[in-house]
Amino acid sequence: MHSVIQRVAAIHDLSGFGGGSLSAVIPILSAMGIQVCSLPTAILSTHTGGFPDFHFRDLTDDMRMIISHWRRLSLSFAGIYSGFLGSAEQIDIVREFIRTFRGDGTLVVVDPVLGDDGKLYNTMDACMVEGMRSLIASADVITPNITEAALLLGEPGLPAMSGTKEIKEWARALSELGPRCVIVTSVPADHERGTSVVAHDRETGRYWKVACPYIPACYPGTGDIFASVISGSLLQGDSLPLSLDRAVQFVSMAIRTTFGHNFPEREGVFLERVLPSLNAPVSMSSFELI
Ligand code: PXL
């Protein structure tokens, strides 16, 4: 089984409407030929960004039961990939899950979902930030956006530019908290508009950057889409910079496909329209060493 298909434990919430979380993780990894075993952290009617009266059911107790069944089944995983967690207690559960199920060569990706645009998400607080800071110590790869990077480092503000000494410093400081690879998204670009993704691999000592094309829109769920493509790409054996390229190109295409239709941003991107492109080679590589 193991050599025929790779299996990933996906520890994320399930939001019914608005895209993101498991609604993105499952189709993306499936399209990349990876089997997804869902360990849901919460069930929501929608994501928390833009729908004020969303329904939220915490699944902390169910997670324990699911994990205990998986232990009895002696499941093993090529990857463990966590995202939005519903409570501080869940952080301890995920840490223990990693300790139990990590085998030789298991890739552990933690997307430290906490906030965006300089603010914490609705359901997050200082306790979740502290817990997430300790959880990333168990990860091989983390994918914070610039806001989450600042929160994890206890930095009061966001840096004004990428490619600078400061963002490299941040990536290095985050990797010193535990993960070998740090991938920071939504980094402000050195020119007026646009953002970039900056990554650091502690083992090679290298820093990479991929510029993201500018579009005047901000769709929820794109962070989950990005981290899912990174996870699938690394599991497929792509290098770190090629995985960055693949994820940036896929998210950009998803945003562009949606943007022309002028739908409300809170409804997310038309993921289904672009999923087939995950099986195409990276069209033009644009990563650079910084
Ligand atoms: O995209 C991260 C995310 C995941 N899950 C839920 C969210 C968000 C961001 O708002 O609300 C429920």
Side-chain angles (χ1 to χ4, degrees), residues 8-29 36 38-60 62-63 80-91 93-94 109-125 127-129 131-132 135-136 139 141-152 183-186 195 197 212 217-232 247-248 250-252 254-255 258 263-271 274:
V8 165
I11 316 175
H12 299 254
D13 69 287
L14 178 61
S15 292
F17 182 69
S21 53
L22 283 175
S23 309
V25 176
I26 298 171
I28 288 171
L29 289 175
V36 180
S38 299
L39 176 49
T41 59
I43 291 181
L44 294 88
S45 51
T46 65
H47 57 71
T48 64
F51 301 94
D53 52 350
F54 58 86
H55 170 71
F56 180 102
R57 178 176 296 274
D58 178 283
L59 294 181
T60 306
D62 301 84
M63 285 176 76
I80 299 171
Y81 164 33
S82 75
F84 177 97
L85 301 180
S87 66
E89 222 179 321
Q90 288 187 5
I91 293 176
I93 295 178
V94 175
V109 179
V110 171
D111 184 11
V113 174
L114 290 167
D116 204 357
D117 293 324
K119 298 186 296 284
L120 281 171
Y121 291 134
N122 233 313
T123 57
M124 301 294 166
D125 57 20
C127 183
M128 291 296 283
V129 176
M132 211 50 102
L135 181 61
I136 63 171
V141 180
I142 61 168
T143 56
N145 61 38
I146 190 81
T147 299
E148 290 156 349
L151 288 163
L152 291 167
I183 303 172
V184 186
T185 62
S186 305
T195 60
V197 170
C212 309
C218 184
Y219 293 96
T222 48
D224 301 325
I225 294 171
F226 178 85
S228 300
V229 178
I230 290 282
S231 301
V248 167
F250 185 73
V251 171
S252 304
I255 291 173
T258 312
F263 271 73
E265 287 180 18
R266 67 179 191 172
E267 296 186 10
V269 294
F270 298 151
L271 180 64
V274 289

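Indexing begins at 1, ligand by ligand and atom by atom, following the structure's order. Keep in mind that this is a model prediction, so the values were computed, not measured. For this chain, numbers begin at 1 and follow the sequence in order. Values below: every heavy atom of this structure, side chains too, minus hydrogens, waters and symmetry copies.
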Under 4.0 Å from a heavy atom of [X]: give me the atoms of ligand 1 that qualify, with their elements.
| X | answer |
| --- | --- |
| Leu44 | 12 (C) |
| His47 | 7 (C), 11 (O) |
| Ser15 | 12 (C) |
| Val113 | 2 (C) |

Is there a polar contact between ligand 1 and Asp224, counting only N or O atoms under 3.5 Å apart? yes
Give yes or no for whether the N/O distance cutoff of 3.5 Å, strictly under, is met between Thr48 and ligand 1. yes
Would you tell me whether Thr60 and Ser87 have side-chain atoms, one donor and one acceptor, within less than 3.5 Å of each other?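 Present: a donor and an acceptor within the cut-off.
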Regarding Asp111 and Thr143, do their side chains bring together a donor and an acceptor under 3.5 Å, going by distance alone? yes
Step-by-step side-chain contact (heavy atoms from CB on, under 4.5 Å) determination, Gln90 to Asp58: CA-CA 10 Å; Gln90 288 187 5; Asp58 178 283; 3.7 Å; yes
Quick one: look at Asp116 and ligand 1, take heavy-atom pairs under 4.0 Å, and tell me if it's side chain, backbone, both or neither.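 Looking at Asp116 and ligand 1, no heavy atom falls under 4.0 Å.
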Side chains of Met128 and Ile91: closer than 4.5 Å at any heavy-atom pair?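 SC-SC contact between Met128 and Ile91 confirmed.
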May I ask you to test the Ile225-Tyr219 pair for a side-chain heavy-atom distance under 4.5 Å? no
Tightest non-hydrogen contact, residues Ser23 and Ser15, listed as OG-O, 3.3 Å
Go through the structure and list residues passing salt bridge (charged side-chain N to carboxylate O under 4.0 Å, His left out) with Glu89, not counting sequence neighbours.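 Per chain and number, Glu89 pairs via salt bridge (charged side-chain N to carboxylate O under 4.0 Å, His left out) with Arg64.
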Identity and separation of the nearest protein heavy atom to [atom]:
| atom | answer |
| --- | --- |
| atom 9 (C) of ligand 1 | Tyr121 CZ, 3.5 Å |
| atom 12 (C) of ligand 1 | Asp13 OD2, 3.3 Å |
| atom 6 (C) of ligand 1 | Phe84 CD1, 3.4 Å |

